[in-house]
Structure formats: structure tokens, C-alpha cells
Amino acid sequence: MQLNWTAEQQQARTAFAAIGKMADPDELHLGRRAFDQRTWDRLTAAGLWRMIVPREFGGDGRDWWGFTAALEGLAATLRTPGMLLSVIAQAGMVRALDLYGSDSQKREYLGRILNGELSATAIADPDTGTDVRATSSLLTPGPNETFRLSGAKYNIAHAPVASFILVVCKLSDHGREGISLVLLDADSPGLTIGAQDRKLGNLDLPTGQMRFDDVPLHYGHLLGEPGQAFGTW
């Protein structure tokens with residue numbers, strides 16, 4: 001079992017701890033609930049996402065231990081928690097795409113992450129919360145491997161600022177089964193993103209609601225097979 005960082009991992013930890021120290025809470029204009037875009041851009045430029053994206057899709061192909069060391073360094077110096085939560089959420093998106101995305105999905109979305117684009121993962125429904133099997137967001141199959149997405153999500157981190165979204169939904173007429181994952185852009189027709197939530201804490205982690213009104217999709221929007229998301233997870 002590895003109990004100490006290697007020299008390379010310690011170097012990553014030190015480098016990203018320095019970036020954390022540069023994040024000044026006074027610059028966030030917390031009264032306006034601002035996302036810390038400046039720190040996010042610094043992390044991207046320093047190669048945080050390249051560490052975990054495979055070489056064939058533009059990354060360095062290093063293992064996740066180096067990323068973990070960088071994350072520890074960042075966590076040791078950041079004075080607000082929102083950015084750390086954003087990094088963890090984005091890492092989850094990278095992992096999901098790496099494990100279950102098609103080659104075309106990896107090329108597109110991992111490339112966008114390497115360019116600094118922010119993602120969101122939409123799980124909680126207004127009526128069922130995070131009980132995934134009870135989600136009321138429905139994926140309805142249509143002709144020629146097309147689908148329609150309907151429903152709503154709330155309290156979704158990055159909803160007001162993300163450029164693409166992974167949505168947890170359920171195949172219509174499948175009871176508590178049929179859980180599916182859908183990738184879509186924030187400007188997709190039929191997707192409405194609500195105003196940024198007003199809240200007391202984590203003001204630099206913007207959250208908001210989403211509504212899906214028969215969002216048109218095709219098979220390429222699905223992450224993994226429809227109805228098999230629990231097997232994916």
C-alpha cells in the first residue's frame with residue numbers, strides 16, 4: 001500500500017497548493033454569488049485535467065494518484081469550499097466519460113474539459129430528490145433511435161454556468177428501473193435553465209434549476225446503454 005507521495009506527486013501537490021493560495025475570497029464578489037472563474041482557468045492552464053484524461057484524447061495519461069495529490073494540495077490552501085466541490089464534480093465527469101463514453105463522446109467532451117469548459121451533473125428532482133430510482137425525469141424512445149427528455153431538476157451545482165450536462169433520467173414505462181444517463185449541451189432546444197439560486201452558504205458554487213420540455217435527443221446523447229445506468233455506476 002502506498003502511504004507517501006512520490007516526488008512527482010509531491011511536486012503536483014505543491015504546485016496546486018500554490019494555486020489555492022492565489023484564490024482571494026475578496027475577488028469572488030460573494031454578494032453576487034460569483035463562480036471563481038479566475039482560479040478555474042488557472043487550474044486548467046496548470047494541467048489539472050490533463051493529468052487524468054487519457055493520452056489518446058489529449059491528456060497526459062497519468063494515474064489518479066497524481067490528481068489526488070494535486071487535489072490535496074488545493075484543499076490545503078483554498079479558503080472557500082466551492083471551488084474544491086467544483087473540481088470534485090468535474091473529476092466525476094471525467095471518470096464517467098473515461099469508463100463509459102464512446103470514442104466520439106470522449107473526443108468531444110474530454111476535449112471541452114481540457115479547454116476549461118465546466119460541466120454539471122443533474123440528479124435531484126423537485127418531487128423525488130436524489131432517490132434516483134424514483135426520478136420523474138423521463139426518457140421516451142422515438143423512431144430511428146431518437147428520444148425525448150422531459151422533467152425537471154433542482155439544486156444542481158453549476159447549472160447556471162455549465163456548458164454541458166449529464167442528466168439522470170428513466171426510460172418511460174419502466175417503473176423504478178430503466179435508469180439512464182444523457183449528455184446534452186446547455187443550449188439544447190427544450191432545455192430551460194432557471195435563475196441562480198439564492199442561498200446562505202457556498203456562494204461561489206452556483207446552483208440552479210433545469211426544465212426539460214421534450215428535449216430532442218439521439219442515441220449519441222446517451223452515456224452507456226439506455227436503462228442500464230445502474231450497471232454503468
Side-chain angles (χ1 to χ4, degrees), residues 32-37 40 82-83 85-97 100-101 105 108-110 112-113 115-142 146-172 174 176 178-224 226-227 229-230 232-233:
R32 292 185 288 171
R33 308 178 303 282
F35 177 72
D36 186 359
Q37 188 65 49
W40 187 261
M83 180 55 58
L85 294 171
S86 294
V87 169
I88 292 169
Q90 188 90 323
M93 182 68 74
V94 173
R95 185 67 169 167
L97 288 165
Y100 305 112
Q105 288 171 335
E108 176 177 356
Y109 292 106
L110 291 177
R112 291 168 67 173
I113 287 172
N115 287 332
E117 293 189 32
L118 185 62
S119 67
T121 300
I123 297 176
D125 294 73
D127 53 345
T128 60
T130 55
D131 182 356
V132 174
R133 288 189 184 274
T135 181
S136 56
S137 298
L138 296 180
L139 185 67
T140 303
T146 62
F147 301 85
R148 293 277 173 171
L149 177 65
S150 60
K153 300 291 182 181
Y154 87 115
N155 194 34
I156 304 304
H158 305 150
V161 292
S163 65
F164 66 93
I165 306 148
L166 181 64
V167 182
V168 177
C169 53
K170 179 172 56 183
L171 281 173
S172 58
H174 275 66
R176 290 177 62 84
I179 305 303
S180 305
L181 301 174
V182 168
L183 285 162
L184 70 160
D185 288 345
D187 61 356
S188 296
L191 169 60
T192 301
I193 298 176
Q196 187 165 313
D197 293 335
R198 296 182 62 86
K199 55 187 182 179
L200 295 177
N202 284 345
L203 300 181
D204 57 329
L205 181 69
T207 61
Q209 301 187 22
M210 301 177 181
R211 181 165 186 84
F212 314 106
D213 294 303
D214 285 331
V215 178
L217 304 170
H218 55 74
Y219 215 93
H221 288 102
L222 301 181
L223 184 66
F230 274 125
T232 298
W233 285 354

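Quick note: residue numbers are just sequence positions, from 1.
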- Query: Stepwise, does the side chain to side chain contact (heavy atoms under 4.5 Å, CB included) test hold for Val87 with Trp40?
  - Reply: CA-CA 9 Å; Val87 169; Trp40 187 261; 4.1 Å; yes
CE of Met93 to CG of Leu110, rounded to nearest 0.5 Å, is 10.0 Å
TODO: Answer yes or no: is there an ion pair linking Arg112 with Asp185, defined by an N-O contact shorter than 4.0 Å?
DONE: yes
Checking Thr207 side chain against Leu205 main chain: does a donor-acceptor pair fall under 3.5 Å? no
- Query: Is there side-chain contact between Leu171 and Pro141, with heavy atoms separated by less than 4.5 Å?
  - Reply: yes
So do the side chains of Leu181 and Val168 get within less than 4.5 Å of each other, counting heavy atoms only? yes
dist Asn155:CG -> Thr130:OG1 (nearest 0.5 Å) comes out at 10.0 Å
Under the 3.5 angstrom rule, does the side chain of Gln209 hit a backbone N or O of Ala195 as a donor-acceptor pair?
no
Closest non-hydrogen atoms of Ser119 and His158, given as atom of the first, atom of the second and distance, are O-ND1, 2.9 Å
side-chain contact (heavy atoms from CB on, under 4.5 Å) with Leu191: of Leu184, Asp213, Val167, only one passes, and it is Leu184
Between Ala159 and Met210, the two heavy atoms sitting closest are CB-CE, 3.6 Å
On a heavy-atom basis, the closest approach of Ser172 and Leu138 is CA-CD2, 4.4 Å
Query raised in the report: Mind checking whether Tyr219 and Phe147 have parallel, tilted or perpendicular rings, split at 30° and 60°?
Result: tilted
Smallest heavy-atom separation, Phe35 atom then Ser86 atom, equals CE1-OG, 3.6 Å
Given side chains that start at C-beta, do those of Lys153 and Thr135 come closer than 4.5 Å, heavy atoms only? yes
Note: Pro216 and His221 closest approach over all heavy atoms is O-CE1, 4.4 Å
Review point. Between Ile156 and Ile165, is a side chain to side chain contact (heavy atoms under 4.5 Å, CB included) present by the stated rule, with each step listed?
Key: CA-CA 10 Å; Ile156 304 304; Ile165 306 148; 5.7 Å; no
Between Asp125 and Ser137, the two heavy atoms sitting closest are OD2-OG, 2.8 Å
Are Glu108 and Phe164 close enough that some pair of their side-chain heavy atoms sits under 4.5 Å apart?
no
- Within the distance-only criterion (no hydrogens, no angle test), does the side chain of Gln105 pair as donor or acceptor with the backbone N or O of Gly220 below 3.5 angstrom? yes
Quick one, Val182 and Leu222 - any side-chain contact, counting heavy atoms below 4.5 Å? yes
Any side-chain heavy-atom pair of Leu139 and Arg148 under 4.5 Å:
no
